[in-house]
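All remarks here apply to the structure that follows.
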Amino acid sequence: MTRYLGIDLAWGAGTAGRPARETGLAVIDETGTVLHAGWAVGVAEVTEWVSRWVAPSAVIAVDAPLVVANPSGQRLCEKQVGQRYMSPWKVAANSSNLAKADLAGVTLRTLLEADGVRYSDGTTAPAPPAAIQPAATLPEPPGATSVAPVMIECYPFTTLVGAAEFGYDVRPRYKRFARGLDPSARRLVRASECDDLIERMSRLEHAAPPLRLLSHPITRELVDSPSPLNDRAYKHREDLLDAVLCAWTAALWAVGGPDRVQILGADDVADSEGRVPTIVAPAKPEQRR
């Protein structure tokens with residue numbers, strides 16, 4: 001079986017005066033079983049977590065910029081998010097460039113490459129699945145096999161509006177407060193949107209690829225408990241939810257390939273090492289160019 005790792009990375013690496021925020025983490029296999037779900041703080045902890053769960057043929061999907069070479073403005077992949085997913089789906093992307101300090105994704109990519117994980121721009125299909133050890137044991141270290149694990153960049157909002165399985169015609173408002181709402185209702189609406197999303201995710205048990213939220217106690221808790229109104233507790237849940245979406249996106253790319261995803265930014269200029277900054281984005285026919 002193949003492992004699909006999802007990382008909802010906190011973009012800021014953290015400083016002495018400003019600690020890094022939580023990063024959501026999830027691992028699923030090709031049956032949709034959740035092998036692990038949790039959180040880490042800081043790039044070092046995330047890298048150590050990957051080393052425990054990565055395996056030959058694994059795919060790691062990260063919600064953070066992994067390759068940034070532009071001095072200013074937006075990367076081409078970020079521009080194309082807005083061009084292809086804004087109307088009517090209301091999805092755009094934040095800008096990343098070398099002038100910004102919050103580039104923890106670049107640091108993570110560098111560390112994972114040193115451990116034998118290969119960056120992929122998504123234009124080449126992943127390697128065929130390879131047999132891996134049971135989840136209770138440690139996998140072989142990266143580089144121990146000729147089938148190296150790969151990492152890709154993704155963006156959960158494009159997954160939600162680009163994968164027909166979720167049934168969204170516009171992005172759900174489970175992150176920021178919806179505009180125009182009375183302040184007393186904002187958190188209630190946000191929690192309701194999140195609960196609706198979790199319910200939609202729970203229907204993917206028989207999808208291709210599948211996702212079984214009930215297969216792990218931490219993701220089962222997403223289904224069994226309503227989303228909290230407290231901001232800190234809510235962000236804790238949201239980070240995990242996005243990590244699961246990243247892991248499922250990794251599986252979708254591996255299983256469905258170009259029939260299910262498009263590669264945003266594929267025509268961008270490569271960096272000095274030949275890496276092209278891209279976002280692997282699930283897409284309906286009308287979202288393609």
Side-chain angles (χ1 to χ4, degrees), residues 1-9 23-40 46-63 108 112-113 115-120 122-154 156 159 163 165-166 198 201-223 240-261 280 282:
M1 289 187 178
T2 300
R3 292 179 181 177
Y4 303 107
L5 284 67
I7 302 174
D8 180 39
L9 187 69
T23 286
L25 305 167
V27 186
I28 65 175
D29 66 18
E30 60 194 33
T31 72
T33 299
V34 180
L35 304 179
H36 177 81
W39 299 263
V46 174
T47 305
E48 193 275 333
W49 174 84
V50 171
S51 72
R52 295 200 314 269
W53 287 99
V54 77
S57 297
V59 180
I60 306 166
V62 184
D63 177 17
L108 177 64
L112 293 183
E113 285 177 331
D115 283 344
V117 180
R118 180 175 60 85
Y119 170 77
S120 173
T123 57
T124 302
I132 64 172
Q133 295 170 299
T137 65
L138 293 178
E140 294 182 50
T145 173
S146 59
V147 184
V150 299
M151 64 182 123
I152 58 173
E153 182 179 334
C154 69
T159 297
E165 286 88 343
F166 295 104
I198 292 168
M201 292 173 66
S202 69
R203 302 175 197 165
L204 299 181
E205 185 173 356
H206 301 293
L211 175 63
R212 298 168 56 208
L213 289 181
L214 300 180
S215 62
H216 191 280
I218 293 180
T219 50
R220 174 184 285 273
E221 182 71 13
L222 294 174
V223 179
L240 180 64
L241 193 61
D242 281 353
V244 176
L245 287 170
C246 289
W248 189 78
T249 303
L252 189 69
W253 174 64
V255 173
D259 289 339
R260 296 302 313 272
V261 306
V280 176

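Phe166 has its side chain out of reach of Pro282: every pair of non-hydrogen atoms, C-beta onward, lies at least 4.5 Å apart.
Annotation for Val117 and Met151: closest pair O-CE, 3.7 Å, computed over non-hydrogen atoms. When all heavy atoms are compared, the tightest approach of Thr47 to Asp115 is CG2-OD2, 3.9 Å. In this structure, Thr219 and Ala37 approach most closely via the heavy-atom pair CG2-CB, 3.9 Å. Residue Glu165 comes nearest to Leu204 through the heavy atom pair CB-CD2, 3.6 Å, listed as atom of the first residue, atom of the second, then distance. Here the shortest heavy-atom pairing between Arg212 and Thr33 reads NH1-OG1, 2.6 Å. Closest approach of Ser215 to Gly32, counting heavy atoms only: OG-O, 4.2 Å.
Atom CG of residue Leu25 and atom CH2 of residue Trp39 lie 9.5 Å apart, to the nearest 0.5 angstrom. Here the OG1 atom belonging to Thr23 is positioned 12.0 Å from the CG atom belonging to Leu240, to the nearest 0.5 angstrom. Here CG of Leu108 is found 10.0 Å from CD of Glu113. Values are rounded to the nearest 0.5 Å. To the nearest 0.5 Å, the span separating OH on Tyr4 from CG on Leu252 amounts to 10.0 Å. Separating the CH2 atom in Trp53 from the CZ atom in Arg3 is a distance of 6.0 Å, to the nearest 0.5 Å. Put simply, CD1 on Ile28 and NE2 on His216 are 12.5 Å apart, with the number rounded to the nearest 0.5 Å.
Of the candidates Asp242, Asp63, Ile60, Ile60 is the only one forming a side-chain contact (heavy atoms from CB on, under 4.5 Å) with Ile7.
Between the side chain of Glu30 and the backbone N or O of Met1, no donor-acceptor pair lies under 3.5 Å. A donor-acceptor contact shorter than 3.5 Å links the side chain of Trp248 to the backbone of Pro209.
Relative orientation of the His36 and Trp49 rings is tilted, given thresholds of 30° and 60° on the angle between their planes.
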Any chance you could lay out the side-chain contact (heavy atoms from CB on, under 4.5 Å) test for Val62 and Tyr119, step after step, and finish with the verdict?
CA-CA 11 Å; Val62 184; Tyr119 170 77; over 6 Å; no
Could you go step by step and tell me if Met201 and Leu245 meet the side-chain contact (heavy atoms from CB on, under 4.5 Å) rule?
CA-CA 9 Å; Met201 292 173 66; Leu245 287 170; 3.9 Å; yes
